[in-house]
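Labels below follow one simple rule: chain letters A, B, ... track the order of the sequence lines, proteins then strands, and each chain is numbered from 1.
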Number of protein chains: 2
Amino acid sequence: MTSTAATSRDLPHPVRDEIRLEAVLHALSEPLRLQIVRELCAEADELACSYFDLPVTKSTTTHHFRVLRESGVIRQVYRGTAKMNAVRRDDLDELFPGLLDSLLAAADRQAARLGAGG
Amino acid sequence: MTSTAATSRDLPHPVRDEIRLEAVLHALSEPLRLQIVRELCAEADELACSYFDLPVTKSTTTHHFRVLRESGVIRQVYRGTAKMNAVRRDDLDELFPGLLDSLLAAADRQAARLGAGG
DNA sequence: TCACTCGTACGATAGTCATCGTAGTACGGC
DNA sequence: GCCGTACTACGATGACTATCGTACGAGTGA
């Protein structure tokens, strides 16, 4: 094949204008999903679903990634057998400037506060 | 009685350190509750529950205000028969600097975008 | 072709949630 | 004391959700 086709399979994503703040907040209100997004942003690169060692089964993992994708928080694309995930930072920053950074900062701050047990 | 007691009834609130980001996001992921918080911030003053003209029954209104209170987003206090509501801006700003402003800005932006239909 | 890995689809289940109606409590004014 | 207003508590209900297990599909490499 000629170019950038990931594979044959395509996944449905909301276009930028279909992303809703409420859906984004709902997606991020789940601890596991918030953690996934934090790691995705920390790595600043595409990560496979299997990269994450989550305390749930594969079925549940699939579910959480789908919620993130359908809410517009992440973009998913197949590369071989792996499904790669990346935060839709450009779209989110365009729609809600500064929101993602504030959310990540808030999550970091809380993690530091709760983790350190101060 | 001597001073500032609102009335006899007191309502349970989480203290600052008990406020969790996930709970805040969950509370604000509901359109009605997000709207309530937006109005509370816009008025910059305490507002009674009855101020809001919500398309749900009083029971449901009570439920939504309780979720906001128990997540730490708002503070509620009785004044006579009225229950006054105010956003806990100081606590939220201390815990998650800039988050509330980003969320409100995002909500405003989305409202303008969807309302204007541009 | 065969096996292996990664992820999906489906069905089930237990829990949470938004909603309502009704009945009840607390406060303020008459 | 009595009534009206503001809000609550309780029970019910339908919808959604997080979770799982099992069975399956799609791709990679031997």
Side-chain angles (χ1 to χ4, degrees), chain A residues 1 4-13 20 22-37 39-40 46-71 73-86, chain B residues 1 4-13 20 22-37 39-40 46-71 73-86:
Chain A
M1 52 194 82
T4 54
T7 65
S8 49
R9 295 176 283 177
D10 262 354
L11 293 159
H13 291 79
R20 292 290 173 273
E22 294 88 338
V24 170
L25 297 183
H26 174 246
L28 297 180
S29 70
E30 219 284 336
L32 241 51
R33 293 196 292 256
L34 181 58
Q35 182 59 30
I36 289 171
V37 171
E39 293 194 39
L40 281 175
E46 285 185 335
L47 292 178
C49 291
S50 55
Y51 170 89
F52 299 88
D53 189 25
L54 302 175
V56 290
T57 63
K58 285 195 297 180
S59 313
T60 306
T61 301
T62 298
H63 162 69
H64 284 308
F65 274 102
R66 185 173 52 220
V67 172
L68 286 171
R69 170 169 50 83
E70 291 179 346
S71 67
V73 175
I74 67 172
R75 192 171 290 282
Q76 295 190 294
V77 60
Y78 282 102
R79 302 216 190 283
T81 68
K83 191 157 75 170
M84 308 304 292
N85 305 274
Chain B
M1 52 197 83
T4 53
T7 64
S8 49
R9 293 177 283 176
D10 262 353
L11 294 159
H13 291 79
R20 292 290 174 271
E22 295 88 338
V24 170
L25 297 183
H26 173 245
L28 297 180
S29 70
E30 219 283 337
L32 240 52
R33 293 196 293 255
L34 181 59
Q35 182 59 31
I36 289 171
V37 172
E39 292 193 40
L40 280 176
E46 285 186 336
L47 292 177
C49 291
S50 55
Y51 170 89
F52 298 88
D53 189 25
L54 302 175
V56 290
T57 63
K58 283 196 294 180
S59 312
T60 306
T61 300
T62 297
H63 162 70
H64 285 309
F65 274 102
R66 185 174 52 220
V67 172
L68 287 171
R69 170 170 48 84
E70 292 179 347
S71 68
V73 175
I74 67 171
R75 192 171 289 281
Q76 294 190 295
V77 61
Y78 283 103
R79 300 215 192 283
T81 68
K83 190 157 74 172
M84 308 305 291
N85 305 275

Nearest whole Å is fine: how far is [N] [atom2] from [X] [atom1]?
| X | N | atom1 | atom2 | answer |
| --- | --- | --- | --- | --- |
| A/Tyr51 | C/dG7 | OH | C1' | 19 Å |
| A/Arg79 | D/dA26 | CZ | C1' | 16 Å |
| A/Met84 | C/dC6 | CE | C1' | 12 Å |
| A/Leu11 | C/dA9 | CG | P | 9 Å |
| A/Asn85 | C/dG7 | CG | C1' | 11 Å |
| A/Tyr78 | C/dG7 | OH | P | 9 Å |
| A/Lys58 | C/dG7 | NZ | C1' | 6 Å |
| B/His64 | C/dT19 | NE2 | P | 4 Å |

Query raised in the report: If only side-chain N and O atoms of A/Thr57 are considered, is one of them under 4.0 Å from the OP1 or OP2 phosphate oxygen of D/dT19?
Result: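 No, no such contact exists.
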**Report entry** Side chains of B/His63 and B/Arg33 in contact at under 4.5 Å (non-hydrogen atoms)
**Finding:**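 Side-chain contact under 4.5 Å: yes.
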Query raised in the report: Is there a side-chain contact between B/Phe65 and B/Ile36, using heavy atoms and a 4.5 Å cut-off?
Result: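 Yes, side chains in contact.
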Query raised in the report: Any donor-acceptor pair under 3.5 Å between the side chain of A/Ser59 and the base of D/dG21?
Result: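 Answer yes: a donor N or O sits under 3.5 Å from an acceptor.
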Query raised in the report: Has the side chain of A/Arg69 got a donor or acceptor atom that lies under 3.5 Å from a matching backbone atom of A/Pro12?
Result: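 Yes; judged by distance alone, with no hydrogens or angles, the pair exists.
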Proximal nucleotide (of [options]) relative to the [X] side chain:
| X | options | answer |
| --- | --- | --- |
| B/Arg33 | D/dA6, C/dA18, D/dC20 | C/dA18 |
| A/Val67 | C/dC27, D/dC7, D/dA18 | D/dA18 |
| B/Arg66 | D/dA9, D/dT19, C/dG7 | D/dA9 |
| A/Ser50 | D/dC7, C/dC6, C/dT19 | C/dC6 |
| A/Cys49 | D/dC7, C/dG7, D/dA26 | C/dG7 |

Query - Shortest non-hydrogen separation from B/Gln76 to B/His13 and the atoms involved - result: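 The pair with the smallest heavy-atom distance is N-NE2, 2.8 Å.
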Requested in this report: State whether a side-chain donor-acceptor pair under 3.5 Å links B/Thr60 with B/Thr57.
Outcome: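 On atom types as modelled, these side chains qualify, holding a pair under 3.5 Å.
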